[in-house]
Amino acid sequence: MTTQKILLTGGAGFIASHTFVALITAGYTPVIFDNLCNSNPKVLDRLERITGIAPLFIRGDIRDAAALDAAFGAHAFAAVLHFAGLKAVGESVEKPLEYYDNNVRGTLELLAAMRRANVKTLVFSSSATVYGDPATTPVHEAFPLSATNPYGRSKLMIEEILGDLFKAESDWNIARLRYFNPAGAHESGLIGEDPQGIPNNLMPYIAQVAVGRRAQLQVFGGDYPTPDGTGVRDFIHVMDLAEGHVAALKYFDGATGLVTVNLGTGKGVSVLQMIAAFEEACGKKIAYQIGARRPGDIAECWADPALAQKLFGWSASRTLSDMTRDGWRWQSMNPTGFLD
Ligand code: NAD
Ligand code: UDP
């Protein structure tokens, strides 16, 4: 059993908080570093209730070199899981400078601090958005990359920065993990996705309709060239995704280098299928209306997950009904998220 300390930038957020639980289960000691710009400190109590361990928490910004140096000085980290970032596509179009500053400059500051502290193992939260509009599915890691908005471009830029860093300094170990569509929540219902304002993503929107916070879901497009005309995505249970990070860390126990790996299930689910699965989970009808396509959306996207299995020995094990059941448990136990 290892007791390695792992730094989680953005550790109070949706995916990282679930990864915190998976790391504790695997015997690691995660330390959360977060400026709380898109998360609630109540998550720390919830994590303690789930794991029985009060999280080590540092409130700080990844663009603050002194705060990072203090964190690396206080703890001997074996690796960094870098989740911190702004992630709203629409907002990134409105505020490109803020997005590049937070995501790109923040990552540069983090890398510089890691180098000063001689911590050179990094797992980075990238996204399937770097594939742009893929020509075919399933999407393989070697597919061409592109971006259509500043959020996606910030992920692409960071991927390239990490590639250049590894070329110049081959003693780094770097995993660029391309997440597909995280959904669901921890099975306890104590932590989950808690978007500020109107949810951008499908599952939290459906969940808020189910709990009565929103009147109806707008389905963005019913005329895509997909089996039922609605968009198709690779929804992955957030605990599967969390465990994928543990698998990536363990990979570096026996291997070195730079790897770029999809984390998805390999299965496509349409918007209408997701609605039906959620209805099943919550026992209610979800009011929805099929409307216009959302600008910038693609018809379908799902992962070729073979490389994650080959390198990390990891594959997603939870089903769509696990995602909707756990997503509904979180939403129904916490109708207004961490405000409850
Ligand atoms: P989230 O907003 O819930 O978590 C991000 C966390 O980072 C928040 O707690 C926020 O307070 C923190 N943060 C942001 N900027 C910071 C800064 N400068 N310094 C310190 N902390 C900062 O988002 P999430 O959904 O958990 O996403 C985590 C990562 O995964 C992000 O990098 C995101 O781009 C990436 N990702 C998310 C998705 C998704 O659908 N949720 C898909 C692909 C990739
Ligand atoms: N979607 C929708 N209504 C919403 C939010 C999303 O119909 O209110 C659709 C969207 O068009 C896409 C799918 O659900 O086909 C997943 O969208 P999401 O924003 O969750 O993920 P992404 O588009 O980033 O893959």
Side-chain angles (χ1 to χ4, degrees), residues 8-19 32-41 43 58-64 67-68 71 81-90 92 98-99 101-107 109-110 124-131 149 151-152 154-155 158 177-183 191-196 198-206 208-209 214 216-222 224 226 229-236 238 241-242 245 263-264 268-275 288-302:
L8 266 59
T9 74
F14 170 46
I15 301 168
S17 58
H18 290 77
T19 305
I32 293 174
F33 184 98
D34 200 302
N35 66 1
L36 302 179
C37 71
N38 196 40
S39 44
N40 190 307
V43 74
I58 299 164
R59 184 165 188 172
D61 192 300
I62 55 167
R63 292 163 295 181
D64 181 345
L68 287 172
L81 304 189
H82 177 31
F83 298 92
L86 302 176
K87 62 165 185 175
V89 171
S92 81
E98 283 81 352
Y99 269 66
D101 183 65
N102 199 83
N103 294 2
V104 181
R105 183 166 75 84
T107 300
E109 291 290 355
L110 175 67
F124 171 61
S125 301
S126 190
S127 165
T129 192
V130 299
Y131 295 115
N149 57 71
Y151 167 69
S154 76
K155 292 290 173 193
I158 295 166
L177 302 184
R178 295 181 179 153
Y179 308 161
F180 281 68
N181 290 62
I191 56 172
E193 191 168 9
D194 182 20
Q196 310 299 306
I198 301 169
N200 293 308
N201 296 113
L202 181 63
M203 165 86 92
Y205 204 108
I206 294 176
Q208 291 194 8
V209 173
R214 313 225 166 249
Q216 68 171 11
L217 172 78
Q218 285 294 320
V219 175
F220 298 141
Y224 282 109
T226 58
T230 64
V232 172
R233 295 292 184 274
D234 185 339
F235 296 97
I236 173 170
V238 63
L241 191 61
H245 290 73
L263 293 185
V269 169
S270 75
V271 174
L272 292 183
Q273 285 172 326
M274 178 55 94
I275 294 170
Y288 71 87
Q289 186 180 51
I290 299 184
R293 294 182 182 189
R294 182 170 63 178
D297 269 2
I298 58 177
E300 54 183 18
C301 183
W302 65 88

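Each ligand, and each atom within it, is numbered from 1 in the order the structure gives.
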Numbering as shown, the atoms of ligand 1 that approach G60 to under 4.0 Å (heavy-atom distance): 19 (N), 20 (C)
Nearest non-hydrogen protein atom, atom 3 (N) of ligand 2: Q218 O, 2.7 Å
Closest heavy-atom pair, G231 versus Y224, reported as atoms and distance to 0.1 Å, is N-CD1, 3.9 Å
Is ligand 1 under 4.0 Å from a heavy atom in the side chain of N201, in the backbone, in both, or in neither? neither
Kindly give the heavy-atom pair with the smallest separation between F180 and D234, and that separation in Å. CB-O, 3.4 Å
Please check this pair: side chain of T230 against backbone of S270, looking for a donor-acceptor N/O pair closer than 3.5 Å. no
Which residues pass the salt bridge (charged side-chain N to carboxylate O under 4.0 Å, His left out) test with R233, not counting sequence neighbours? none
Can you see which heavy atom on L217 is nearest to which on I206, and at what distance? CD2-CG1, 4.0 Å
Any idea which atoms of ligand 2 are less than 4.0 Å away from a heavy-atom of L217? 3 (N), 4 (C), 8 (O)
F33-ligand 1 polar pair, N/O distance under 3.5 Å: no
Return the closest protein heavy atom for atom 14 (O) of ligand 2 as residue, atom name and distance. V271 CG2, 3.4 Å
Considering only the protein, which heavy-atom contact is closest to atom 5 (C) of ligand 1, and what is its distance? G85 O, 3.9 Å
Stepwise side-chain contact (heavy atoms from CB on, under 4.5 Å) check, N103 with Y151: CA-CA 8 Å; N103 294 2; Y151 167 69; 4.2 Å; yes
Atoms of ligand 1 under 4.0 Å from any heavy atom of L36, numbered from 1 in the order shown, are 11 (O)
Indicate yes or no for a side-chain donor-acceptor contact from T9 to the backbone of F33 under 3.5 Å, with no hydrogens or angles considered. no
Contact region, A84 to ligand 1, non-hydrogen atoms below 4.0 Å, reads both
I need the atoms of ligand 1 closer than 4.0 Å to a non-hydrogen atom of Y151, numbered in the order shown. 33 (C), 34 (O), 35 (C), 36 (N), 44 (C)
Using a 3.5 Å distance criterion without hydrogens, assess whether the side chain of N201 forms a donor-acceptor pair with backbone atoms of M203. no
Heavy-atom contacts with V219 under 4.0 Å: which atoms of ligand 2 show up? List them by number with element. 7 (O)
What closest approach, in Å, do Q196 and D194 show between heavy atoms, and which atom pair accounts for it? NE2-O, 3.3 Å
Only counting residues at least two apart or in another chain, list the ones meeting salt bridge (charged side-chain N to carboxylate O under 4.0 Å, His left out) with D297. R294
In the protein, what heavy atom is nearest to atom 25 (O) of ligand 2, and what distance, to one decimal place, separates them? R233 NE, 2.7 Å
Which option wins on minimum heavy-atom distance to atom 5 (C) of ligand 2: F220, Y205, Y288, Y224? F220
Near G231, which atoms of ligand 2 are under 4.0 Å from a heavy atom of that residue? 15 (O)
Walk me through it: do H245 and Y179 pass the test ring-ring contact (aromatic ring centres under 6.0 Å, His included)? CA-CA 11 Å; H245 290 73; Y179 308 161; 5.3 Å; yes
Please could you name the atoms of ligand 1 that S126 approaches to less than 4.0 Å, counting only its heavy atoms? 43 (C), 44 (C)
Can you check whether A12 has an N/O within less than 3.5 Å of an N/O in ligand 1? no
Can you tell me the protein heavy atom closest to atom 17 (C) of ligand 1 and the distance? N35 ND2, 3.3 Å
Which residue and heavy atom of the protein sit nearest atom 20 (O) of ligand 2, plus the separation: L202 N, 2.9 Å
Shortest non-hydrogen contact from G13 toward D34: N-OD2, 3.8 Å
Provide, to 0.1 Å, the distance between atom 23 (O) of ligand 2 and the closest protein heavy atom, together with that atom's residue and name. R294 NH2, 3.1 Å
For atom 19 (N) of ligand 1, what's the nearest protein heavy-atom neighbour? Residue, atom name and distance, please. I62 N, 3.0 Å
Could you see which bit of N200 sits under 4.0 Å from ligand 2, with heavy atoms only: side chain, backbone, both or neither? backbone
For ligand 1, is there an atom lying under 4.0 Å from some heavy atom of G11? no
Could you see which bit of D297 sits under 4.0 Å from ligand 2, with heavy atoms only: side chain, backbone, both or neither? side chain
Among all protein heavy atoms, pick out the one at the shortest distance from atom 7 (O) of ligand 1; state its residue, atom name and that distance to 0.1 Å. G10 CA, 3.3 Å
Quick one: does K155 get a heavy atom under 4.0 Å from ligand 1? yes
Any donor-acceptor pair under 3.5 Å from Y99 side chain to G152 backbone: no
Min over N38, T9, N102, L86 of heavy-atom distance to atom 18 (N) of ligand 1 lands on N102
So is G106 touching ligand 1 or not, going by heavy atoms under 4.0 Å? no
For ligand 1, indicate whether the residue A128 contacts it via side chain, backbone, both or neither (heavy-atom separation under 4.0 Å). neither
Considering only heavy atoms of N181, which atoms of ligand 2 have at least one such atom less than 4.0 Å away? 21 (O), 22 (P), 25 (O)
Heavy atoms of P182 and F14 approach each other most closely as CB-CE2, 4.0 Å
